[in-house]
Amino acid sequence: MRMSRLLLKTLREPPADAELASHRLLLRAGLVMPLAAGLYCFTPLGWRTLRRIENIIREEMDRSGAQEIHLPALHPIELWEQSGRAEAMGQTLFRLADRKERGFALGPTHEEAVSFLAARSIQSYRDLPVTLYQIQTKFRDEARPRGGLIRLREFIMKDAYSFDAGWDALDESYQLAFDAYVRIFARAGVPVVPVAADSGAIGGKDSQEFVFLSETGEDEVLLCPGCGYAANAEKAEFRAPPPLPGDAAPMEKVPTPGQKTIAELANFLGLERRQTCKAVFYRADGRPVFVAIRGDLEVNETKLKNVLKAREVEALDDAAARAAGLIPGSAGPVGLTGIEVVADSSVTGAGGLVAGANEDGYHYLNVSYGRDWNAGVVAGIALARAGDACLQCGAELETRRGIEMGHVFKLGTVYAESMGVTYLDESGQRQPVVMGCYGIGLERMLAAAIEANHDENGIIWPPEVAPYDVHIVALNLDQAPVAEALAALEAALAEAGLSALIDDRDESAGIKFKDADLLGMPVRVTVSPRALEKGGVELRARRTGETTIVRIEEMPGAARQVATRPR
RNA sequence: CGGGGUGUAGCUCAGCCUGGCAGAGCGCUUCGUUCGGGACGAAGAGGCCCCCAGUUCAAAUCUGGGCACCCCGACCA
């Protein structure tokens with residue numbers, strides 16, 4: 001490709017409001033152009049890299065035995081009503097109507113659509129297992145698109161769905177998908193860690209996210225340096241700091257005027273936070289819930305939601321809590337009636353805690369679970385934090401932020417049941433198919449490939465996703481020897497199957513070199529009178545900056561070697 | 001949805017407080033010089049000052065309303 005004809009406009013300065021390195025570089029290198037919040041145009045160069053990512057995914061999915069299909073992006077709304085997700089997706093679902101006012105939705109994901117296809121294609125255990133995938137545009141009316149290509153309203157996702165005759169068989173399909181993901185991210189130059197994830201209200205069994213660690217990420221993950229345990233914050237399990245030995249003495253009511261927060265209360269009484277029982281109020285699918293947890297811990301709302309089997313939980317503010325008959329600041333589980341009580345296991349195992357007396361300005365000392373109060377539900381619903389002990393090995397957990405690149409999930413039979421995906425087993429019994437789903441966001445991968453591979457001068461493409469293998473800078477092209485050398489170089493590279501972007505523009509050398517660094521092809525080759533005098537053309541590795549003079553006929557081999565050199 | 005910020009040339013921004021000719025740098029066009037790290041000179045083109053209403057002799061500037069974009073949070077199969 002000749003740059004003189006390429007639709008490309010690089011920017012010396014990025015738009016001021018781009019903050020992420022990938023966002024800035026995508027714009028500066030002219031790979032994308034914003035159309036509206038969460039919507040981007042791809043230029044030829046940007047699209048080429050996205051296509052290369054797509055091809056890596058396609059190759060590895062095919063290698064794993066998955067079969068590519070295509071499903072509509074436009075779905076009759078009935079499809080979503082059948083699974084119950086028309087409501088569950090809420091405002092995230094883009095809705096529209098056709099000319100006859102029939103309701104439609106733009107697919108935010110494709111479990112329903114693929115189930116429709118599978119239900120009509122799978123009849124017998126002999127048809128199983130099968131894994132289908134597609135690479136398709138998804139639409140989500142996100143509350144807040146952000147970070148350039150990180151969170152979009154329209155984006156391309158590879159989504160795969162496995163269908164098996166039972167949970168054991170699903171384990172195998174899941175493992176195949178998992179292994180394919182490991183290869184995909186490695187080839188694309190995106191370092192990821194698989195972390196255990198919450199499988200949510202949908203049920204299901206295992207769920208893992210492939211997370212690209214980045215301080216700018218939206219997700220928090222906990223990592224154990226001791227045993228390698230990794231989980232996102234919603235899912236992470238841990239061993240809470242042990243309680244202090246409790247006092248077996250009977251409860252005693254004490255005045256605690258003005259002590260509203262756990263920190264104030266502990267300070268006032270000269271105790272540690274973990275000697276207190278904190279009251280937190282939620283609304284779960286409309287009904288108020290009282291949560292008791294040790295004062296040094298926080299509630300993990302995802303765990304709470306799962307324990308309550310609720311679709312949604314939200315914290316109550318003080319006014320709403322008072323309306324529900326609670327006394328913020330002095331609320332406690334003792335003697336509480338008329339409200340559902342959930343106790344974290346941190347308060348049921350500890351004796352002698354301080355808890356609110358449900359009377360403004362008073363608390364009880366020496367409150368013990370079982371003796372003084374009981375809860376309807378007892379469960380581990382505390383949020384893991386940095387420094388907490390790993391449940392498996394006891395080492396201190398670390399927290400990192402990250403961006404979810406891919407997700408593998410043992411769905412189970414939820415969609416099979418609602419969408420009627422069944423098969424007849426060997427004994428002629430109708431059984432629901434056991435499903436798994438596996439997604440990867442393509443634009444996100446592109447952004448992460450840049451986040452993980454750039455320097456102050458621009459992008460450093462991982463070889464397999466670079467839009468071109470070689471960036472040729474031609475200087476003094478009006479001189480016959482340069483033009484001849486360029487032609488010979490082009491032919492040699494083409495012969496070897498290497499793609500090349502050729503800067504034949506009438507620009508100064510400085511501009512061309514700056515653009516070559518910004519655009520980030522793994523190998524830069526300068527064809528110039530100066531290099532020819534030295535007996536060849538100049539090869540420069542983008543990542544290391546090493547330069548050497550190479551004879552043209554040796555260029556393809558040398559370029560390939562540099563481009564594929566491990567980091 | 002809550003909080004904060006920003007909307008002026010393709011990009012980065014000044015001008016707004018204190019109303020009075022629409023500005024700079026970069027980019028773009030033409031000519032000349034230059035030609036290995038974003039060169040130099042000269043001449044040009046380019047504007048719905050986000051939108052609507054109001055105040056005023058006069059609004060980019062003041063007032064009200066709206067919209068868009070960015071950041072933080074909530075949300076995120």
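Just so it is clear, the structure is predicted and the values come from calculations on it, not from any experiment. Labels below follow one simple rule: chain letters A, B, ... track the order of the sequence lines, proteins then strands, and each chain is numbered from 1.
- One can place CZ of A/Phe513 at 15 Å from P of B/rC35, the figure rounded to the nearest angstrom.
- Of all nucleotides present, none satisfies the Watson-Crick or G-U wobble test against B/rC35 with each distance under 3.5 Å.
- Rounded to whole angstrom, the span from the CG atom of A/Asp503 across to the C1' atom of B/rG36 amounts to 13 Å.
- Residue contacts shown for A/Met157 include a base, since a base heavy atom lies under 4.0 Å away.
- Residues meeting the salt bridge (Lys or Arg N to Asp or Glu O under 4.0 Å) test with A/Asp164, sequence neighbours left out: none.
- Using a 4.0 Å cut-off between a side-chain N of Lys or Arg and a carboxylate O of Asp or Glu, A/Asp171 and A/Lys410 qualify as a salt bridge.
- Nucleotides B/rA74 and B/rG4 are separated by 15 Å at their C1' atoms, to the nearest Å.
- The distance from atom CD of A/Glu234 to atom P of B/rC76 is 8 Å, rounded to the nearest whole Å.
- Residue pairs meeting the salt bridge (charged side-chain N to carboxylate O under 4.0 Å, His left out) criterion with at least one member in residues 37-48 of chain A, sequence neighbours excluded, do not occur.
- Comment: A/Lys303 does not engage A/Asp198 in a salt bridge, judged by the lack of any side-chain N to carboxylate O separation of less than 4.0 angstrom.
- Between the C1' atoms of B/rA39 and B/rG46, the separation comes to 24 Å (whole Å).
- Partners of A/Asp219 under the salt bridge (Lys or Arg N to Asp or Glu O under 4.0 Å) rule, at least two apart in sequence or in another chain, do not exist in this structure.
- A/Arg151 meets the salt bridge (Lys or Arg N to Asp or Glu O under 4.0 Å) test with A/Glu142, A/Glu218; sequence neighbours excluded.
- The C1' atoms of B/rC70 and B/rU63 are separated by 26 Å, rounded to the nearest whole Å.
- In this structure, A/Pro34 reaches neither bases nor backbone, as no heavy-atom distance under 4.0 Å exists between it and the strands shown.
- To the nearest angstrom, P of B/rG36 lies 16 Å from CG of A/Asp517.
- If you take CG of A/Leu532 and P of B/rG36, they are 13 Å apart, rounded to a whole angstrom.
- Judged by Watson-Crick or G-U wobble contacts below 3.5 Å, the nucleotide B/rC49 has no partner.
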In 5'-to-3' order, the base (B), backbone-only (S) or no-contact (-) status of each nucleotide in nucleotides 41-52 of chain B, using a 4.0 angstrom heavy-atom cut-off, is ------------

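- In terms of the salt bridge (Lys or Arg N to Asp or Glu O under 4.0 Å) criterion, A/Glu19 has no residue partners (sequence neighbours excluded).
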Side-chain donor/acceptor pairs under 3.5 Å, residues 432-452 of chain A, sequence neighbours excluded:
| from | atom 1 | to | atom 2 | distance (Å) |
| --- | --- | --- | --- | --- |
| A/Tyr438 | OH | A/Ser162 | OG | 2.7 |
| A/Glu443 | OE1 | A/Ile156 | N | 2.8 |
| A/Glu443 | OE2 | A/Ile156 | N | 3.1 |
| A/Arg444 | NE | A/Ile150 | O | 2.7 |
| A/Arg444 | NH1 | A/Glu404 | O | 2.8 |
| A/Arg444 | NH2 | A/Ile150 | O | 3.2 |
| A/Glu451 | OE2 | A/Ala21 | N | 3.4 |
| A/Glu451 | OE2 | A/Ser22 | N | 2.8 |
| A/Glu451 | OE2 | A/Ser22 | OG | 2.9 |

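- A/Leu117 is linked by a side chain to side chain contact (heavy atoms under 4.5 Å, CB included) to A/Ile69, A/Leu71, A/Ser121, A/Leu132, counting only residues two or more places apart in sequence or in another chain.
- Under the Watson-Crick or G-U wobble criterion, with both distances below 3.5 Å, B/rA22 has no partner in any strand shown.
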Encode nucleotides 68-75 of chain B as B, S and - characters from 5' to 3', where the letter depends on protein heavy atoms closer than 4.0 Å: B to the base, S only to sugar-phosphate, - to neither.
-> -SSBBBBB

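- Annotation: salt bridge (charged side-chain N to carboxylate O under 4.0 Å, His left out) contacts involving residues 105-118 of chain A, sequence neighbours excluded, comprise A/Arg85-A/Glu111, A/Arg85-A/Glu112.
- Set against B/rG38, B/rA77, B/rG37, the side chain of A/Arg540 has B/rG37 as its closest nucleotide.
- Checked against ring-ring contact (aromatic ring centres under 6.0 Å, His included), A/Phe513 has no partners two or more places apart in sequence or in another chain.
- Summarising the base pairing, B/rG54 is matched to B/rC62 through a Watson-Crick or G-U wobble pair whose two defining distances lie under 3.5 Å.
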Could you encode protein contacts along nucleotides 23-34 of chain B as a string, one character per nucleotide from 5' to 3', using B for base contact, S for sugar-phosphate-only contact and - for no contact, with a heavy-atom cut-off of under 4.0 Å?
-> --BSS-------

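- The separation of B/rC71 from B/rC31, taken at their C1' atoms, amounts to 46 Å, rounded to a whole angstrom.
- The gap from the C1' atom of B/rU33 to that of B/rG47 amounts to 33 Å, rounded to the nearest Å.
- Atom-to-atom, NE2 of A/His407 to C1' of B/rA77 comes out at 9 Å; the value is rounded to the nearest Å.
- For the C1' atoms, the distance from B/rU61 to B/rU8 is 11 Å, rounded to whole Å.
- The distance from atom CZ of A/Arg524 to atom P of B/rG37 is 10 Å, rounded to the nearest whole Å.
- Salt-bridge annotation for A/Asp517 and A/Arg540: present, with a side-chain N of the basic residue lying under 4.0 Å from a carboxylate O of the acidic one.
- B/rG44 and B/rC28 make up a base pair, with Watson-Crick or G-U wobble contacts both under 3.5 Å.
- Rounded to an integer number of Å, the gap from CZ of A/Phe155 to C1' of B/rC76 is 10 Å.
- One finds no salt bridge joining A/Glu154 and A/Lys138 here, because no Lys/Arg side-chain nitrogen approaches an Asp/Glu carboxylate oxygen to under 4.0 Å.
- Listed nucleotides B/rC76, B/rG36, B/rA77 differ in distance to A/Thr526; the shortest reach to its side chain belongs to B/rG36.
- Of the P atoms belonging to B/rA24 and B/rA45, the separation is 13 Å, rounded to the nearest Å.
- With hydrogens and angles ignored, no donor-acceptor pair under 3.5 angstrom links the side chain of A/Asn476 to the base of B/rG36.
- Closest-nucleotide positions on RNA chain B for A/Pro15 and A/Gly439 were compared, and the one nearer the 5' end corresponds to A/Pro15.
- One finds no salt bridge joining A/Glu533 and A/Arg530 here, because no Lys/Arg side-chain nitrogen approaches an Asp/Glu carboxylate oxygen to under 4.0 Å.
- In a base pair of the Watson-Crick type (N1 to N3 plus N6-O4 or O6-N4) or a G-U wobble (N1-O2 and O6-N3), with each distance short of 3.5 Å, B/rC69 is matched with B/rG5.
- Comparing B/rG23 with B/rU34, their C1' atoms sit 30 Å apart, to the nearest whole Å.
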